[in-house]
Asker: 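Take this structure first; my questions come after.
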Amino acid sequence: MPYQLPDSELNLRERLYFPEVIQGVGIIMKQFLRNFFFGRQKDPDVLARDRSLSQNATIAYPEERVPYPPAYRGLHRLVPREDGRPRCVACYMCATICPAQCIYIEAGEYPDDPIEKYPVKFVIDELRCVVCGFCVEACPKDAIRMDTGEHAPPSYTRAAQVWDEKRLLRGPPVSYQNDPWLRRGSPSISPEKLQEMRARAKPFPLNATDEYAQTPGFSVRALASEAKGK
Amino acid sequence: MRRFLGMVLFAICVPLSMVLLGRAVYWLVAGAEYLATSLGAPPTYGAAIANVILLMLVFVMTTAALLTIGERKWSAMIQNRIGPNRIRVFGNSAGGIFFLAADALKMLTKENINPSQRSRVLYELAPMAAFAPSFALFAVVPVGPAVDSVVNGVRTTVALQVANIDAGLLFVFGIASLAVYGTALAGWASNSKLAILGGVRASSQMISYEVSLGLALVGSMMAYQSLRLEEMVRAQGQLLWGFLPALGFFLQPVGLLVFFVSAFAETKRTPFDLPEGESEIVGYFVEYPGMKFGMLFLAEFIEVVVLAAITAAIFFGGWHPVLFEGWLRENLSPIWFASVCAGAFLTKVLLLCWLQLIVRWTLPRFRFDQIQKLCWKVLLPVALANVFITGALILVDPSLELLGLVGLVEIAAMAVITAAVSRKVEVPAHAHAAAAAVAGH
């Protein structure tokens, strides 16, 4: 028990009962009136709300949502390159580390590029996924992320919870300077595209900085201030 | 800020709309009286019928139905929640009022499952027996003063009261005790062990509290020298020492307390809600489906409204506006003054309903032995002592001033005891943090 509750006999005033009841009714009335006359603040950041007037902490869920923290692990996505293909090189690291064994990969080769592999099939069973984020950490190519900020949406069939590479491949494309297909060139990428990708490439992040962890343009503070302004 | 202004506006509009409602009711009652007289009915018949329809059916039923929503919405405000707001018309939830329609629809369209071993007649009778008496109680409540009205040159006197009978309070006690039949029959006729437990609890509790309910009002009867509620209200208009209105609140504070508690027990609502209990016996209405349950449920809220009305009539000056009464009487036409009076009464009723809901959401329920102890060992002796003391004080000073003085002293003593600093529970600083640290969080 965090409190030391006194366990002594009630005194006469408390045994009269009605004074205490009247005090309690007063407290409840105060609470009623402050919530009656003053509305709830709609700041989704509940802890930042000013609760000196109304103490209502409700978030009316479907209309208002709590912004997820930047490191929130949501639905997976396969990170695309600028040419629309996944960055994934089918190395099986994620499938190997996955404790729920929910990732299934079939590797394939580009016919004109004997070195580089790509996933012919990349399937995640979202029903089995335990959302541990190991796949993201294991990936050497930053090809799988959990930064969508979404939950796996509900579905009527189990089959709909098995996400293949076509559904997983989405979001803003990413290129890094040390990507092998940029350094040595790839016959499957047209020269102009390669030029563009090289121009946009950034250094590979060595630690999980904001850019690595977050989708560009996603800001908790911006969401909160936006909701405050409403 | 918008909400604050809107709510202040709402709080101002409620009494004003009650005044307008009073004016409309006076107009309709006078019209009905004129119509009935011209059709050859004896005097006051038309007014009585109009009063039954307008006051009992429209006002009591509407208020009771709205209280079902009010209970949900107000409890939400008390507990820092939002409450029902999902049914919206043009994007506005209007305080959850639309849930009334949804509830009624749900009740009316539910499957009508009847227990096969029920006593058929009593089973069907019970919801009505619970519903009707609390409803009929409102017949003797004076909502507005009698006022002369002239319709088409015919002068009639109309009052917003269904029946101004001599028995008055005795009618109240008699009809209120009939309400026991509803719950007892519901428990018995369902042929269910849980229901009969609920019914037995309800009847024992209600019969016990009827004693203190009746005794609490004896003091008021003696003070106002009448059993008619209309005359009791009128007597509360007199002034003590020339400035203090002789409200029952000042003359009979102890009576008010005992009456309010006993009335609360009669409504079977939360501190006294042992007849129902979702976690143990479900309640005397466990076998009732759909709208039959709805009637038993609504009967509670009608009792809330009616007991608020009786409390307002006997202890809070009835239709006397109390504030600025002389000024209003001089500066308004009689019919508008009467409307203001009716509005004041209806506002008092609403405030007392609100107070009952506040109490209902403040207190946890009693244990059964505590209920009986409170009744027989506390309220009954206090009510008896109140009867004797009131009688003695009236005997000494028939002008009621001594009674008023003692009443004020009692109120002051109660205020002092209530405001006296209670024993503080000593909470060590950062008790939570320390506990969390120990638990390893």
Side-chain angles (χ1 to χ4, degrees), chain A residues 1-66 227-230, chain B residues 1-8 10-11 73-83 85-86 95 254 257-258 260-261 271 354-355 357-364 366 370 374 378 382 413-428 430-436 438-439:
Chain A
M1 284 279 285
Y3 296 114
Q4 293 294 320
L5 292 179
D7 200 17
S8 51
E9 291 282 306
L10 298 178
N11 59 27
L12 179 66
R13 178 177 170 280
E14 286 159 343
R15 272 184 286 133
L16 276 177
Y17 191 72
F18 284 102
E20 295 280 321
V21 169
I22 293 169
Q23 269 194 348
V25 167
I27 291 169
I28 296 293
M29 259 186 206
K30 200 177 85 187
Q31 200 68 18
F32 175 88
L33 290 175
R34 76 201 291 181
N35 281 318
F36 180 79
F37 282 111
F38 299 101
R40 170 182 68 98
Q41 286 202 336
K42 291 184 178 161
D43 187 352
D45 187 359
V46 178
L47 293 181
R49 286 182 186 177
D50 172 22
R51 309 221 293 167
S52 57
L53 296 173
S54 170
Q55 293 191 325
N56 198 321
T58 307
I59 289 169
Y61 167 62
E63 293 93 30
E64 304 162 12
R65 299 184 182 217
V66 181
K228 233 178 217 168
K230 264 179 203 166
Chain B
M1 210 56 216
R2 264 183 63 213
R3 181 186 169 96
F4 179 72
L5 293 176
M7 283 302 170
V8 169
F10 177 76
K73 196 73 184 176
W74 295 349
S75 65
M77 288 178 188
I78 289 164
Q79 297 170 347
N80 297 338
R81 294 184 283 114
I82 293 182
N85 68 344
R86 286 288 134 180
V254 175
L257 201 63
V258 175
F260 201 66
V261 173
W354 176 73
L355 182 67
L357 258 64
I358 293 276
V359 174
R360 183 248 177 276
W361 286 97
T362 304
L363 297 172
F366 291 117
Q370 289 170 331
L374 180 68
V378 181
V382 166
M414 197 68 185
V416 167
I417 296 174
T418 303
V421 180
S422 181
R423 180 168 45 186
K424 284 270 190 298
V425 176
E426 284 177 18
V427 182
H430 305 298
H432 275 304
V438 169

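Proteins come first, then strands; the chains are lettered A, B, ... in the order of their sequence lines, and each starts at number 1. Note that the coordinates shown come from a computational prediction; the quantities given were computed from them, not determined experimentally.
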Asker: As a test of understanding, state which of A:Ile28, A:Asn35, A:Ile27 forms a side chain to side chain contact (heavy atoms under 4.5 Å, CB included) with B:Ile78.
Answerer: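 Exactly one candidate clears the test, A:Ile28.
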Asker: CZ/B:Phe4 to CZ/A:Phe37 distance, rounded to the nearest 0.5 angstrom?
Answerer: 6.5 Å
Asker: Heavy-atom distances under 4.5 Å only: say whether B:Arg86 touches chain A with side chain, backbone, both or neither.
Answerer: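 B:Arg86 touches chain A through side-chain heavy atoms alone.
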Asker: Which atoms of B:Val261 are under 4.5 Å from chain A, going by heavy atoms: the side chain, the backbone, both sets, or neither?
Answerer: side chain
Asker: Does B:Thr418 offer a backbone N or O that forms a donor-acceptor pair with the side chain of A:Gln23 under 3.5 Å?
Answerer: yes
Asker: Picking from A:Tyr17, A:Phe36, A:Phe18, which has the most non-hydrogen pairs under 4.5 angstrom with chain B?
Answerer: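 Max contact count across the listed options: A:Phe36.
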Asker: With chain A, which of B:Met7, B:Lys73, B:Arg3 has the greatest number of heavy-atom pairs at distances under 4.5 Å?
Answerer: B:Arg3
Asker: Mind checking whether A:Phe32 and B:Trp361 have ring centres under 6.0 Å apart?
Answerer: no
Asker: How close do A:Arg40 and B:Ile82 get, counting heavy atoms only, and between which atoms?
Answerer: NE-CD1, 3.6 Å
Asker: Which bit of B:Leu355 comes within less than 4.5 Å of chain A, counting heavy atoms only: side chain, backbone, both or neither?
Answerer: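 Interface part for B:Leu355: side chain.
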Asker: Please rank B:Leu257, B:Val359, B:Leu374 by heavy-atom pairs under 4.5 Å with chain A and give me the top one.
Answerer: B:Leu257
Asker: Could you state the interatomic distance from CG (A:Leu33) to CE (B:Met77), rounded to the nearest 0.5 Å?
Answerer: 10.0 Å
Asker: Taking all non-hydrogen atoms of both residues, which atom of B:Asn80 and which atom of A:Gln31 are closest, and how far apart?
Answerer: OD1-NE2, 2.9 Å
